[in-house]
> 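The structure's right below; bear with me while I get my questions together.
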2 protein chains.
Amino acid sequence: MSSNPAARRRPTHRKGRPTLTRESVGRAALDFLDHHGPAELTMRSLAADLGVSPRALYNYVEDRRDLLTVAAELFESEWRPPELESGRWRESLRAYCRALRAHYRSHPGMTTLALTENITMARHPAMLRNVDTLIGFFEAVGLSLPDAYRACMETIRLVAGFVELQDIVYDRPPAHVDPADLAQFPPPWLRPKDPENSEGSGSSNASEGPEPVGDLPHLARLGELEPDSPDTLFAFSLDILVEGIAARAARSGE
Amino acid sequence: MSSNPAARRRPTHRKGRPTLTRESVGRAALDFLDHHGPAELTMRSLAADLGVSPRALYNYVEDRRDLLTVAAELFESEWRPPELESGRWRESLRAYCRALRAHYRSHPGMTTLALTENITMARHPAMLRNVDTLIGFFEAVGLSLPDAYRACMETIRLVAGFVELQDIVYDRPPAHVDPADLAQFPPPWLRPKDPENSEGSGSSNASEGPEPVGDLPHLARLGELEPDSPDTLFAFSLDILVEGIAARAARSGE
DNA sequence: ACCTGAACACCGTTCAAGT
DNA sequence: ACCTGAACACCGTTCAAGT
């Protein structure tokens, strides 16, 4: 077992802590996102987390963009998709999307970070296999090959978009928003404004006029109903997706 | 016409350039995004664009977050939705979504910027009216009031997600990606790797093994087809949405 | 081979003066 | 009232040494 000389070249520890590697710093960056917002992830804060100087990170990644690319690859490589069965395909697709949503939520901000830094995701071989499997699934459901690809992309985009645009606000409420507001439905900023306190809304110049909200009849009725949970909202999105695909499959089946 | 003394209080020009206002600096920030990436939008670069010192901006906005909030509000206020007609509702919804996509694309990165800075969008009164109108439209199509709200949110999320996750890569190709690759379908990173040049793929440590891509049968067949344009991809997403909503409306109509 | 510490050019933001 | 210029604490990144 010690016949491979290359295996002994690098020590596994240094100064009491494990030796850094390209993977371990990427892993640290990914884990950092579980507890901090994307903006807090800096070379310096990550180095402090690892107990090294900022300069040390540059021995393993080229720059911050490269670091985030590694983190994105690790993020994709740890995605374990559930089985897809083309019989009872509706429930199968729903379960797949619920699992994918949980995956994205487990490292919130990774997608947003990739967007701001112009990092192309879906490069990891594991992700390629998943995409291929998903396309095969949609073909088995009855879509043409091009439609199966489009459906695959639409599915991933729906889940990623839901997590980044909807879940993140609930999972990590911004500091300036009252947490109690987030439990409400519709969100308070979708409610018609109380005409009492129309003053003091920040903009003090009257040049553009008060710009009254006017009637918002449907939102007003919504305010009296029970709030939607994010899970309910997500279930609705899945319904639209599933039935939309079913209609498409029925059409190309003719 | 000069009877209002308040109208004369602020000069309209100073040192040959128009006086700054809260709106004008927000407008400048929004326009900045048309020509530059979100990361380039800094207090200093924007001040240089306006011909003032960075400190001058702080007389009109509290900080960078506040500046981006103003820009987001302006972005929403300039959205002019097309008419929605509940008769021929499918084509009407499609046209609405196409216009909304064009709106988001006209200021690329605004949504991503709002995400990274934790800025809650849809605060502008004009946006409230639009949401209310869209909910009314979906009710007229045959959805229940809660479903109409969910469909409204799903519609906006679909368009915003498509622009940020799909269009931006085409409209603003990242510097490190070959532009020719973007015209291909599927993207090159979705193609099975050529076994010839499996060497030199960046990661030089063999500790994790070569991790072969293996068979990607559906992606391989896709590689021989004509690439999808973003418009084609978007049209497919709209088909899924429209037919999904139609199925939902038919079900609640019973 | 891998690390530290100092340094550079940036960034957001604030302070002390100018007019 | 609104601006400038200098300054502060950050950031990514690099250089020159250390071991």
Side-chain angles (χ1 to χ4, degrees), chain A residues 5-26 28-29 32 36-71 113 116-119 175 204-205, chain B residues 5-26 28-29 32 36-71 113 116-119 175-176 204-205 207:
Chain A
R8 261 197 283 132
R9 230 177 249 156
R10 299 189 179 193
T12 60
H13 283 72
R14 185 172 181 125
K15 286 205 181 172
R17 57 154 180 77
T19 310
L20 298 181
T21 65
R22 182 174 167 82
E23 274 72 25
S24 73
V25 298
F32 189 95
H36 306 88
E40 300 172 62
L41 174 47
T42 67
M43 302 297 281
R44 290 173 128 98
S45 63
L46 187 65
D49 249 32
L50 290 167
V52 297
S53 78
R55 173 64 181 86
L57 301 180
Y58 289 88
N59 293 320
Y60 305 97
V61 295
E62 293 190 10
D63 50 24
R64 183 179 135 94
R65 244 189 69 86
D66 190 37
L67 170 72
L68 298 176
T69 304
V70 179
L113 215 41
T116 47
E117 300 292 335
N118 259 327
I119 290 167
S204 58
N205 62 338
Chain B
R8 261 196 282 134
R9 233 177 245 156
R10 299 188 180 193
T12 61
H13 282 71
R14 184 172 181 125
K15 285 205 180 172
R17 56 154 181 78
T19 310
L20 298 181
T21 64
R22 181 174 168 82
E23 274 72 25
S24 74
V25 298
F32 189 94
H36 306 88
E40 299 172 64
L41 174 48
T42 67
M43 301 298 280
R44 290 174 129 97
S45 62
L46 187 64
D49 248 33
L50 290 167
V52 296
S53 77
R55 173 63 181 87
L57 301 180
Y58 289 88
N59 293 319
Y60 305 98
V61 293
E62 293 191 10
D63 50 24
R64 183 178 136 95
R65 243 189 70 86
D66 190 37
L67 170 72
L68 298 176
T69 303
V70 178
L113 214 42
T116 47
E117 299 293 334
N118 260 326
I119 292 167
H176 61 291
S204 58
N205 62 337
S207 63

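Proteins get letters first, then strands, A, B, ... in listed order; numbering begins at 1 in each.
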> Taking salt bridge (charged side-chain N to carboxylate O under 4.0 Å, His left out) as the cut-off, I'd like each qualifying pair that reaches into residues 43-64 of chain A, sequence neighbours left out, listed once.
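Applying salt bridge (charged side-chain N to carboxylate O under 4.0 Å, His left out) to every pair that reaches into residues 43-64 of chain A, excluding sequence neighbours, yields A/R64-A/E117.
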> Got a second to check how far A/R65's CZ is from A/N118's CG, nearest 0.5 Å?
6.5 Å
> Atom CG of B/L67 and atom P of C/dC11: how far apart are they, to the nearest Å?
14 Å
> Can you name the residues that form a ring-ring contact (aromatic ring centres under 6.0 Å, His included) with A/Y58, not counting sequence neighbours?
none
> Distances under 3.5 Å only, N/O to N/O: pair up the protein atoms with those of nucleotides 15-17 of chain D.
residue	atom	partner	partner atom	Å
D/dC15	N4	A/R55	NE	3.0

> Under a cut-off of 3.5 Å for both distances of each Watson-Crick or G-U pair, what dot-bracket string does DNA chain D give, using [ ] for crossing pairs and | for inter-strand pairs?
||.|||||...|||||.||
> From A/H36 NE2 over to A/L41 CG, what is the distance, rounded to the nearest 0.5 angstrom?
9.5 Å
> Under the side-chain contact (heavy atoms from CB on, under 4.5 Å) criterion, do B/Y60 and B/T19 qualify, and how do the steps go?
CA-CA 11 Å; B/Y60 305 98; B/T19 310; 4.3 Å; yes
> Can you check whether B/Y60 has a side-chain N or O nearer than 4.0 Å to OP1 or OP2 of D/dC3?
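So the side chain of B/Y60 is within the cut-off, an N or O lying under 4.0 Å from OP1 or OP2 of D/dC3.
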> In residues 37-48 of chain A, which ones come under 4.0 Å of DNA chain D, going by heavy atoms?
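Hits under 4.0 Å, by residue number: A/T42, A/M43, A/R44.
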> Distance check needed: D/dT4 P versus B/L57 CG, whole Å only.
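Taking atom P of D/dT4 as the reference, CG of B/L57 is at 10 Å.
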> B/S45: what forms a side-chain hydrogen bond (donor to acceptor under 3.5 Å, both in side chains) with it, not counting sequence neighbours?
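With neighbours one apart ignored, the set is B/T42.
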> Quick one: CZ on B/R22 to CG on B/L67, what's the gap to the nearest 0.5 Å?
9.0 Å
> Under 4.0 Å: is that the gap between some side-chain N or O of A/N59 and OP1 or OP2 of C/dA1?
no
